[in-house]
Amino acid sequence: MSAELTPELLLRAYAIGIFPMASSRDDPEVGWVDPPLRGVLPLDGFHISRSLARRMRRCDWQVRIDTAFEPVVEACADRSETWINPTIFALYAALHRMGHAHSLEVWEGETLVGGVYGVTLGRAFFGESMFSRRTDASKLALAWLVDRLRAGGFVLFDTQFLTDHLASLGGIEIGRSEYHARLAEALAGSASFTPRGYCPEVSGVIQRSTQTS
């Protein structure tokens, strides 16, 4: 299947609710996944704990957009088990060049310490993977990403699966039929990953988040 994959086919797959995965880094084949339960991160329900909010206030990390897309994907794949094989890497790099895949990066000076990447289509953001090389770097990346998606008019943040990490930040699971309904609504409009006049300020992220723990 992998030899037939193109960026255009990948976008059509997202539009009908499926996404690609390889079983391992060394597996040349890529399969399609359509889980019965889908992880989503509600954009109005992202949770920042008091401890994370304090860390956000005092840290001096910088957030950048699309300045290191391929290094972010490489960092996400830098683990003992990964579904990102060379075919997957090349496809998402191509989507990035087409303007349909983006990275949000967390920098400590000139060192990349965390980040997340995903695909945009209509008003949907399909989160693919994230990584962290410092404590809470991936949590901060998600907080800034949620703020950006809200500002840009997105209505769906698809995380594919629900992990304990995502659940602690407000992630939930929904059934396949509900997911497809939300996807159809998201694809009916348009949004911007780089909204005009948007300036990512940590204080704004904190003020709009529920701090309950």
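Counting begins at 1 with the first residue of the sequence. Atom set for the values below is all heavy atoms of this structure, side chains included, hydrogens, waters and symmetry mates excluded.
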Is [Y] close to [X] at the side-chain level, that is, under 4.5 Å between some pair of heavy atoms?
X	Y	answer
His165	Ser132	no
Asp34	Phe19	no
Asp158	Gln160	yes
Ser24	Asn85	no
Phe46	Leu149	no
Met21	Val30	no
Ile18	Val33	no

Is [X] reaching over with its side chain to a backbone N or O of [Y], donor-acceptor style, under 3.5 angstrom?
X	Y	result
Glu173	Gly39	no
His47	Gly170	no
Arg38	Pro35	no

Under the rule for side-chain hydrogen bond (donor to acceptor under 3.5 Å, both in side chains), what residues qualify as partners of Arg182, not counting sequence neighbours? Glu178
Sequence neighbours left out, what passes side-chain hydrogen bond (donor to acceptor under 3.5 Å, both in side chains) with Ser23? Give chain and number order. Asp27
For the residue pair Trp61 and Glu108, confirm or rule out a side-chain donor-acceptor distance under 3.5 Å. yes
Distance-only check: which donor-acceptor pairs under 3.5 Å involve side-chain atoms of residues 184-196, not counting sequence neighbours?
residue	atom	partner	partner atom	Å
Ser192	OG	Thr194	N	3.1
Ser192	OG	Thr194	O	3.2

Kindly give the heavy-atom pair with the smallest separation between Arg133 and Ala75, and that separation in Å. NH2-CB, 3.5 Å
Would you mind telling me which of Phe69, Phe126, Phe131, Phe89 makes a ring-ring contact (aromatic ring centres under 6.0 Å, His included) with Tyr117? Phe69
Among all residues two or more places apart in sequence or in another chain, which pass the ring-ring contact (aromatic ring centres under 6.0 Å, His included) test with His100? none
Side-chain donor/acceptor pairs under 3.5 Å, residues 7-17, sequence neighbours excluded:
residue	atom	partner	partner atom	Å
Tyr14	OH	Tyr92	OH	2.5
Tyr14	OH	Glu128	OE2	2.4

Can you sort out the partners of Ala90 under side chain to side chain contact (heavy atoms under 4.5 Å, CB included), two or more places apart, ordered by chain and number? none
